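To start, the structure under review is shown below, and the notes come after it.
No experiment lies behind these values; they were computed from the predicted model shown. First the proteins, then the strands, lettered A, B, ... as listed; each starts at 1. Computed from heavy atoms alone, side chains included, the values below leave out hydrogens, waters and symmetry copies.
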Number of protein chains: 2
Amino acid sequence: MSDQEKINQFMQKCRDKGLSVTPQRLSIFKALMNDSSHPNPETIYKGIKEENPTISFATVYKALETFEKHGIIKMVTSLHNTVRYDPMLQQHHHIVCAKCKKVIDLVDEDLNQIKIPESITKENQFLDFSIQFNVICSECRARQ
Amino acid sequence: MSDQEKINQFMQKCRDKGLSVTPQRLSIFKALMNDSSHPNPETIYKGIKEENPTISFATVYKALETFEKHGIIKMVTSLHNTVRYDPMLQQHHHIVCAKCKKVIDLVDEDLNQIKIPESITKENQFLDFSIQFNVICSECRARQ
DNA sequence: TATTAATTAATAAATATTATCAATTAGAAA
DNA sequence: TTTCTAATTGATAATATTTATTAATTAATA
Ligand SMILES: [Mn+2]
Ligand SMILES: [Mn+2]
Ligand SMILES: [Zn+2]
Ligand SMILES: [Zn+2]
């Protein structure tokens, strides 16, 4: 998809959701749309403030949060707000509630057997892997 | 494994790594060892300060960090220090460097085909899943 | 063009994490 | 058992990250 197509799609999504297409939001989206580095808000802010010197850091935070809420972009991890520790050392997987951030262990030998792509082991020192299943838990669903 | 066995194993690991077994560390480990809620440092701190009223919050942080560094416990997410955003909406997976926190996309149709355990879909509203491959990237390995 | 609700910029406040350092202590040595 | 010393702790300051507040501005609609 061309840059222009991505931009048009973004603007259409905003209109569909009743979001104004502001120069700030457009600038933030354009900075992200071809960036595969999974940047944080500060990196995005620094990247755009040269061509948009009056933009506020809080605007970047809020725009990204708004985009995410409307499914225009994704967060790499929903558990970034605080470090969480785990005493279980054996390989296992996690069921994570997108609302309440509850994390449930899932021990499943079948899931441990996936084939690790060679592209990973060729380029890097492989350590381990874990699958995150994103859900809305029954408590949070009942609460809606 | 019994509580006492877990505690003995913990103390042995500390000795093997040259870490002192302090009452604070023991208290923190005991709070975590049977806790499957993946707590954050504040929760652990609150949980132990009744029986250890003089313990400092910073001590909890430092002990957890030390345990993690020595493989006594794990972090649920290595990407907690700041939110990271992703413009790619199609399902894909992530190769994450444990050192530099670089995140590389991995689009792999085979990996998308894993069987979602029924225990997940039975109890929760399933949203999606993503696999995180933890590695040490070639740059970081070269740097060591 | 005028109206208005949404958005922004500036900044304060809140929350999370890390650094500093004097006092204490666990573990080794005597 | 006592002494010694490097590691650890508690207290707190500093830093980093995120969210809230609010007056001014503006995008979208009529
Ligand atoms: Mn777990
Ligand atoms: Mn990605
Ligand atoms: Zn929930
Ligand atoms: Zn790296």
Side-chain angles (χ1 to χ4, degrees), chain A residues 7-8 10-31 38-46 48-70 72-73 75-85 101, chain B residues 7 10-31 38-70 72-73 75-85 101:
Chain A
I7 291 166
N8 290 342
F10 166 74
M11 294 197 297
Q12 192 54 54
K13 277 189 188 175
C14 285
R15 290 195 199 97
D16 291 349
K17 314 264 184 188
L19 298 173
S20 301
V21 177
T22 65
Q24 292 88 343
R25 282 177 175 167
L26 203 47
S27 182
I28 292 161
F29 179 77
K30 287 203 275 186
H38 308 82
N40 63 12
E42 190 184 12
T43 303
I44 293 168
Y45 173 65
K46 286 178 176 166
I48 64 179
K49 83 175 162 191
E50 197 165 343
E51 64 171 29
N52 205 334
T54 65
I55 199 167
S56 168
F57 196 13
T59 297
V60 175
Y61 260 95
K62 203 174 310 173
L64 291 167
E65 186 189 355
T66 301
F67 294 169
E68 200 277 335
K69 188 164 61 185
H70 288 86
I72 294 167
I73 62 176
M75 287 194 306
V76 175
T77 168
S78 57
L79 298 174
H80 67 280
N81 285 295
T82 178
V83 61
R84 306 269 298 263
Y85 286 102
K101 313 303 182 194
Chain B
I7 291 166
F10 166 74
M11 294 198 296
Q12 191 54 54
K13 277 189 189 176
C14 284
R15 291 195 198 97
D16 291 349
K17 313 265 183 189
L19 298 173
S20 299
V21 178
T22 66
Q24 292 88 344
R25 282 176 176 167
L26 203 47
S27 181
I28 291 161
F29 179 76
K30 286 203 275 189
H38 308 82
N40 64 12
E42 190 184 12
T43 303
I44 294 167
Y45 174 66
K46 286 179 176 165
I48 63 179
K49 82 173 162 192
E50 197 164 342
E51 65 171 27
N52 205 335
T54 64
I55 198 166
S56 168
F57 196 13
T59 297
V60 175
Y61 259 97
K62 204 174 311 172
L64 291 167
E65 186 189 355
T66 301
F67 294 168
E68 201 277 334
K69 188 164 61 185
H70 289 86
I72 294 168
I73 62 176
M75 287 193 306
V76 175
T77 168
S78 57
L79 298 174
H80 67 280
N81 285 294
T82 177
V83 61
R84 307 269 298 263
Y85 286 102
K101 313 303 183 195

(message) What is the distance, to the nearest angstrom, from the CG atom on B/L19 to the P atom on C/dA28?
(response) 12 Å

(request) Could you state the atom-to-atom distance from CG of A/L79 to C1' of C/dT17 in whole Å? (result) 17 Å

(message) What I want to check is whether the side chains of A/Q12 and A/N8 have a donor and an acceptor closer together than 3.5 Å.
(response) no

(message) Each nucleotide in nucleotides 10-21 of chain D should get exactly one letter: B, S or -. Can you fill that in based on protein heavy atoms under 4.0 Å?
(response) BBB----SSBB-

(request) Please report, rounded to the nearest Å, how far the P atom of C/dA26 is from the CG atom of B/L26. (result) 11 Å

(request) Test B/H38 against A/Y85 for side chain to side chain contact (heavy atoms under 4.5 Å, CB included), laying out the working first. (result) CA-CA 5 Å; B/H38 308 82; A/Y85 286 102; over 6 Å; no

(message) Which residues pass the ring pair (Phe, Tyr, Trp, His ring centres under 6.0 Å) test with A/F10, not counting sequence neighbours?
(response) A/F29, A/F67

(request) Could you tell me the separation between the CZ atom of B/R15 and the C1' atom of D/dA7, rounded to a whole number of Å? (result) 16 Å

(request) Answer yes or no: is there an ion pair linking B/E65 with B/K69, defined by an N-O contact shorter than 4.0 Å? (result) no

(request) Assess whether side chain to side chain contact (heavy atoms under 4.5 Å, CB included) is satisfied between B/L19 and B/H70, documenting all intermediate values. (result) CA-CA 9 Å; B/L19 298 173; B/H70 289 86; 3.9 Å; yes

(message) Go nucleotide by nucleotide along DNA chain D from the 5' end; which of A/P23 and B/R25 gets its closest nucleotide reached first?
(response) B/R25

(message) Can you work out whether A/G18 or B/S20 has the more 5'-proximal nearest nucleotide on DNA chain C?
(response) A/G18

(request) Mind calculating the distance between CD1 (A/I28) and P (C/dA9) to the nearest angstrom? (result) 8 Å

(request) Would you check if the side chain of A/T66 reaches a backbone N or O of A/K62 as a donor-acceptor pair within less than 3.5 Å? (result) yes

